[in-house]
Amino acid sequence: MGELSSDGALAGIREWGSPDLRAHIRILIDSNEPGVEEIILGSLDDAGPARPLLCRVLAERDPFRDPEYALRHFYAETDGPVRRLLGHEVYRSPWVWLHGITRLRKANPVERITPDATHWLATRRQIAVTALGDTADPAALPPIIGRLRDPKWWVRFEAAAAIRRLAKAGVQVGSAAEALVGCLHHDRQEVIEQAAAALALPALREDLLYARATLMPLVGAVVDNALDGVLAPLLLLWPGEE
């Protein structure tokens, strides 16, 4: 794909089947063209299915903007059964990261999401740790670490993935080492692979090397792969995620 203006990228985002969707998103996030944010904001009312993605683009461009623009569209789009189930609680839904609300510091996502990290319902804990991992906020690390010891394997899996996302955003995650090493002794391979991938991060690699000597052969093979750069995939939360 050749050079594309912000107008062209904005039009391309509406084409969900386009192989260039991610490129269009990155163009809008990185664009320095005058008035591009005003153009995106002005297009939200008529954006249809692309609206959450455009809200996310705006959050990526400026995480300190007023969150009202995203919140009002969230509530409008989740009317009906979803709204009756969740009430007005945007922070208990995957839409929280699809709209980029997890990145908007003035929406206080860590403060609002953290209580659900210890909820009795595992699905709520799972959504919470995923959302916390998308905040790029160091304050999200402690509640995520707590879920690395969760009784449900899929919550531990998401917590290890959340550690990787925080690290990718520049958060120092060294304090997660002990809990991640504990996940290497879990009976689910998915948890072991995701924990090993997190421990393979530069800040945690020494802890992974130290733990390697005490592991059973099958787990050791997973760790060796991680040390060699063969990592469990980190599923994308939205199409423009890097």
Side-chain angles (χ1 to χ4, degrees), residues 1-109 112-113 116 123-124 126-128 130-136 158 161-162 165 168-169 233-242:
M1 185 179 68
E3 292 295 326
L4 190 65
S5 68
S6 295
D7 285 342
L10 186 57
I13 282 181
R14 297 171 185 266
E15 301 176 15
W16 280 95
S18 169
D20 296 323
L21 178 60
R22 186 178 180 280
H24 294 150
I25 292 168
R26 300 314 307 180
I27 287 170
L28 286 182
I29 291 173
D30 299 333
S31 176
N32 292 319
E33 291 183 31
V36 65
E37 293 197 3
E38 288 72 17
I39 291 171
I40 298 172
L41 281 166
S43 72
L44 290 180
D45 287 340
D46 300 320
R51 186 179 296 117
L53 187 51
L54 292 174
C55 286
R56 176 79 195 214
V57 165
L58 288 166
E60 292 287 320
R61 287 180 60 90
D62 179 10
F64 293 97
R65 70 170 60 249
D66 186 330
E68 190 275 337
Y69 80 94
L71 291 172
R72 68 184 177 90
H73 286 297
F74 168 82
Y75 290 127
E77 289 167 7
T78 56
D79 202 3
V82 174
R83 192 167 187 174
R84 286 194 293 271
L85 178 65
L86 299 175
H88 290 274
E89 190 47 82
V90 58
Y91 302 92
R92 291 176 176 168
S93 163
W95 287 87
V96 71
W97 59 77
L98 293 175
H99 280 77
I101 297 166
T102 42
R103 291 294 178 122
L104 294 170
R105 294 303 177 92
K106 292 183 180 179
N108 300 317
R112 293 176 180 272
I113 294 167
D116 266 9
T123 301
R124 291 268 283 273
Q126 181 183 19
I127 290 173
T130 302
L132 288 168
D134 191 49
T135 60
E158 290 294 343
R165 289 194 179 91
K168 187 167 61 171
L234 188 59
L235 299 179
L236 299 181
L237 295 184
W238 65 289
E241 187 175 3
E242 292 187 302

Asks: CZ/R165 to CG/L237 distance, rounded to the nearest 0.5 angstrom?
Replies: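 R165 atom CZ to L237 atom CG measures 3.5 Å (nearest 0.5 Å).
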Asks: Heavy atoms, side chains only, cut-off 4.5 Å: are R56 and T102 in contact?
Replies: yes
Asks: Please walk me through it: do L54 and L28 pass side-chain contact (heavy atoms from CB on, under 4.5 Å)?
Replies: CA-CA 9 Å; L54 292 174; L28 286 182; 4.1 Å; yes
Asks: Counting N and O atoms only, with roles assigned by atom type, does the side chain of R26 sit under 3.5 Å from a partner on the main chain of G240, one being a donor and the other an acceptor?
Replies: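 The answer is yes, because a donor-acceptor pair under 3.5 Å joins these two groups.
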Asks: If you measure from OG on S31 to CZ on R61, what distance do you get to the nearest 0.5 Å?
Replies: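 Answer for the OG-CZ pair, S31 versus R61, is 5.5 Å.
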Asks: Just how far is it from atom OG1 of T135 to atom CH2 of W97, taken to the nearest 0.5 Å?
Replies: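 Rounded to the nearest 0.5 Å, the OG1-CH2 separation comes out at 12.0 Å.
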Asks: Quick one: does W95's side chain get under 4.5 Å of I101's, heavy atoms only?
Replies: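 No, side chains not in contact.
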Asks: Please tell me if the side chains of P109 and R103 come closer than 4.5 Å, counting only heavy atoms from C-beta onward.
Replies: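 The answer is no; the side chains never approach within 4.5 Å.
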Asks: Return the minimal non-hydrogen interatomic distance between R51 and D45, and the atom names on each side.
Replies: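 Between these two residues, the closest heavy atoms are NH2-O, 2.8 Å.
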Asks: Are Y69 and I40 close enough that some pair of their side-chain heavy atoms sits under 4.5 Å apart?
Replies: no
Asks: Roughly how far, to the nearest 0.5 Å, is CG of L58 from CG of L44?
Replies: 6.0 Å
Asks: Is R65 close to L41 at the side-chain level, that is, under 4.5 Å between some pair of heavy atoms?
Replies: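 Yes, close enough: below the 4.5 Å cut-off.
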Asks: So, using side-chain contact (heavy atoms from CB on, under 4.5 Å) as the criterion, who are the partners of A128 when residues are at least two apart?
Replies: I113, D116, A117
Asks: Going through the checks in order, is the side-chain contact (heavy atoms from CB on, under 4.5 Å) test met by W238 and I25?
Replies: CA-CA 10 Å; W238 65 289; I25 292 168; 3.6 Å; yes
Asks: L21 and L53: side-chain contact (heavy atoms from CB on, under 4.5 Å), yes or no, with the steps?
Replies: CA-CA 11 Å; L21 178 60; L53 187 51; 4.2 Å; yes
Asks: Rounded to the nearest 0.5 Å, what's the gap from CG on L98 to OG on S93? Could you check?
Replies: 7.5 Å
Asks: Report yes or no: does R124 contribute a side-chain atom to a donor-acceptor pair with the main-chain N or O of R92 at less than 3.5 Å?
Replies: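 No, the answer is negative, given that no donor and acceptor are paired below the 3.5 Å cut-off.
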Asks: So does E242 get a backbone contact from the side chain of K168, meaning a donor-acceptor N/O pair under 3.5 Å?
Replies: yes
Asks: Any non-hydrogen side-chain atom of D134 less than 4.5 Å from a side-chain atom of V96?
Replies: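 Side chain of D134 against side chain of V96, heavy atoms only: no contact under 4.5 Å found.
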Asks: Where do R105 and D62 land on the salt bridge (charged side-chain N to carboxylate O under 4.0 Å, His left out) test, with the steps shown first?
Replies: CA-CA 10 Å; R105 294 303 177 92; D62 179 10; over 6 Å; no
Asks: Mind listing the closest non-hydrogen atom pair of A136 and A169 along with its distance?
Replies: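 Here A136 and A169 meet closest at CB-CB, 3.6 Å.
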Asks: Does any part of the side chain of I127, heavy atoms only, come nearer than 4.5 Å to the side chain of Y91, both counted from C-beta?
Replies: no
Asks: Has the side chain of R112 got a donor or acceptor atom that lies under 3.5 Å from a matching backbone atom of A107?
Replies: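 Here the side-chain-to-backbone pair exists.
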Asks: Any Lys/Arg nitrogen of E241 or R22 sitting under 4.0 Å from an Asp/Glu carboxylate oxygen of the other?
Replies: no
Asks: Of all residues at least two apart in sequence or in a different chain, which pass the side chain to side chain donor-acceptor pair (under 3.5 Å) check with T130?
Replies: E158
